[in-house]
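Right, one structure below, let's go through it.
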Amino acid sequence: MGAVHLLEHPLIQHKLTYMRNKNTGTKEFRALVQEVAMLMAYEITRDLPLAETSVETPVARARTRVIAGKTLALVPVLRAGLGMVDGILNLIPNAKVGHVGLYRDPETLQPVEYYCKLPLHLEERDVIVVDPMLATGGSASAAITAVRQRGATAVKLMCLVAAPEGVQRVQRDHPQVDIYVAAIDEGLNDHGYIVPGLGDAGDRLFGTR
Ligand code: PRP
Ligand code: URA
């Protein structure tokens with residue numbers, strides 16, 4: 001079973017409070033998503049392997065370390081996942097970025113894939129699927145399936161707010177995937193929205209509706 005990492009750093013929790021507030025407008029919401037994504041990226045990359053190297057400092061040669069292996073692949077789920085990309089790239093500027101386009105059918109709540117473009121050599125990369133909301137878990141599960149079908153083996157999921165139902169769905173469908181979240185809320189309402197959640201992340205990020 002994949003582990004669930006609840007990221008309770010005070011800065012993350014503080015910013016999440018402002019994101020939840022219905023009076024927070026698009027500009028501020030967008031900035032907060034990026035800031036929280038950057039802070040979460042710091043936590044999610046804690047276990048990246050390092051390789052020994054050395055550099056010449058102005059004083060002497062230093063034995064030191066760099067991140068080993070191929071650069072990470074970030075895979076935002078369109079469209080709301082896009083809002084997290086720049087924040088993560090602030091910390092990991094060399095990451096490759098793939099895209100999985102999914103929307104949730106409002107009637108059935110089932111994810112519908114409409115786009116998929118991923119970096120090469122996925123099997124050699126640490127892949128981080130990012131989406132602010134993990135509600136029923138259908139979209140995240142489908143996005144993880146999409147990257148695994150194209151060769152990814154080391155996959156993590158980063159979300160801002162999750163419902164317990166979504167966490168359970170991903171754990172059931174993808175038991176080898178660790179989940180990183182800033183909050184696990186009470187549950188879902190009749191429309192599949194997370195309660196209390198923060199509303200429709202895509203609409204709040206892009207100012208639609
Ligand atoms: C939202 C969100 C997730 C999905 C979560 O996207 O960004 O992708 O819903 O719901 P689930 O866990 O029940 O699948 P939405 O379908 O609203 O599309 P959008 O990002 O284009 O707004
Ligand atoms: N998608 C969202 O954007 N918000 C929710 O609460 C659930 C799905």
Side-chain angles (χ1 to χ4, degrees), residues 2 4 6 15-26 28-34 36-37 40-41 74-88 97-118 127-149 155-175 177-209:
V4 180
L6 186 58
K15 290 172 191 296
L16 185 57
T17 298
Y18 286 89
M19 289 173 55
R20 288 186 189 275
N21 188 333
K22 66 179 184 184
N23 295 319
T24 297
T26 296
E28 194 185 352
F29 187 85
R30 203 179 280 150
L32 287 163
V33 171
Q34 291 197 17
V36 172
M40 292 182 75
L74 292 182
V75 181
V77 179
L78 305 180
R79 87 195 135 136
L82 284 178
M84 299 169 71
V85 171
D86 285 349
I88 301 170
V97 182
H99 297 87
V100 175
L102 293 170
Y103 70 88
R104 198 172 69 152
D105 184 294
E107 300 297 324
T108 65
L109 302 184
Q110 294 307 305
V112 181
E113 184 177 318
Y114 59 86
Y115 187 76
C116 188
K117 180 79 179 174
L118 298 170
V127 177
I128 306 177
V129 173
V130 300
D131 192 328
M133 310 306 280
L134 181 60
T136 65
S139 302
S141 181
I144 296 166
T145 299
V147 298
R148 290 181 64 198
Q149 280 175 343
V155 184
K156 293 174 176 174
L157 174 66
M158 185 200 290
C159 302
L160 303 186
V161 181
E165 294 89 331
V167 172
Q168 284 159 18
R169 170 79 186 267
V170 171
Q171 286 185 320
R172 188 195 73 198
D173 293 354
H174 302 286
V177 171
D178 280 5
I179 303 172
Y180 294 75
V181 286
I184 301 177
D185 282 8
E186 290 160 24
L188 300 173
N189 68 14
D190 292 344
H191 304 287
Y193 276 85
I194 299 174
V195 181
L198 48 73
D200 189 304
D203 283 343
R204 295 197 65 188
L205 271 167
F206 297 109
T208 43
R209 186 163 308 168

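For ligands, and for the atoms within them, numbers begin at 1 and follow the listed sequence.
Closest protein heavy atom to atom 4 (C) of ligand 1: Ser139 OG, 3.5 Å. Here the protein heavy atom with the shortest distance to atom 6 (O) of ligand 2 is Ile194 N, 2.8 Å. Atom 5 (C) of ligand 2 has Tyr193 CD2, 3.4 Å as its closest protein atom, hydrogens excluded (heavy atom only). Distance from atom 8 (C) of ligand 2 to its nearest protein heavy atom, with residue and atom name: Arg104 NH2, 3.6 Å. Atom 15 (P) of ligand 1 has as its closest protein heavy atom Arg104 N, 4.3 Å. In terms of protein heavy-atom proximity, atom 5 (C) of ligand 1 is closest to Met133 O, 3.5 Å. Atom 17 (O) of ligand 1 has its closest protein heavy atom at Asp200 OD2, 4.1 Å. Arg79 NE, 3.2 Å is the protein heavy atom nearest to atom 21 (O) of ligand 1.
Put simply, the side chain of Arg204 gets close to the backbone of Leu198: a donor and an acceptor are under 3.5 Å apart. In this structure, Glu165 contributes its side chain and Ala135 its backbone to no donor-acceptor pair below 3.5 Å.
Note: no N/O pair closer than 3.5 Å links Asp203 and ligand 1 by distance alone. Inclusion of Tyr103 in the set of residues having an N or O under 3.5 Å from an N or O of ligand 1 is not warranted. Checked by distance only, ligand 1 and Ala135 come closer than 3.5 Å through their nitrogen or oxygen atoms. Some N or O of Gly137 is nearer than 3.5 Å to an N or O of ligand 1, by distance alone.
Side-chain contact between Ile179 and Gln171 is present, with heavy atoms from C-beta onward closer than 4.5 Å. In this structure the side chain of Leu82 reaches within 4.5 angstrom of the side chain of His99, judged on heavy atoms.
Taking every heavy atom of both residues into account, Leu188 and Val195 meet most closely at C-CG2, 4.1 Å. Contact between Ala163 and Ile184 at its shortest, heavy atoms only, is C-CG2, 4.4 Å. Nearest heavy atom pair, residue Val100 against residue Cys116, reads CG2-SG, 4.1 Å.
No salt bridge links Arg148 with Asp173; every basic N to acidic carboxylate O contact stays at or beyond 4.0 Å.
Heavy-atom proximity to atom 2 (C) of ligand 1, evaluated over Leu160, Asp131, Val100, is greatest for Asp131. Ranked by closest heavy atom to atom 4 (N) of ligand 2, the top entry among Gly202, Gly197, Gly199, Ala135 is Gly199.
In this structure, the separation between CG on Leu78 and CG on Asp131 is 9.5 Å, given to the nearest 0.5 Å. A distance of 10.5 Å separates CD in Gln168 from CG in Leu134, rounded to the nearest 0.5 Å.
Within ligand 2, counting atoms from 1 as listed, the ones closer than 4.0 Å to a heavy atom of Gly192 are 7 (C). In the vicinity of Ala201, heavy-atom distances shorter than 4.0 Å reach the ligand 2 atoms 2 (C), 3 (O). Atom numbering of ligand 1 starts at 1 in the shown order; those under 4.0 Å from a heavy atom of Thr136 are 11 (P), 12 (O), 13 (O), 14 (O).
Of the protein's heavy atoms, at least one falls inside 4.0 Å of atom 7 (O) of ligand 1.
Within 6.0 Å of CZ on Phe206 lie more than 12 heavy atoms contributed by other residues, nucleotides or ligands.
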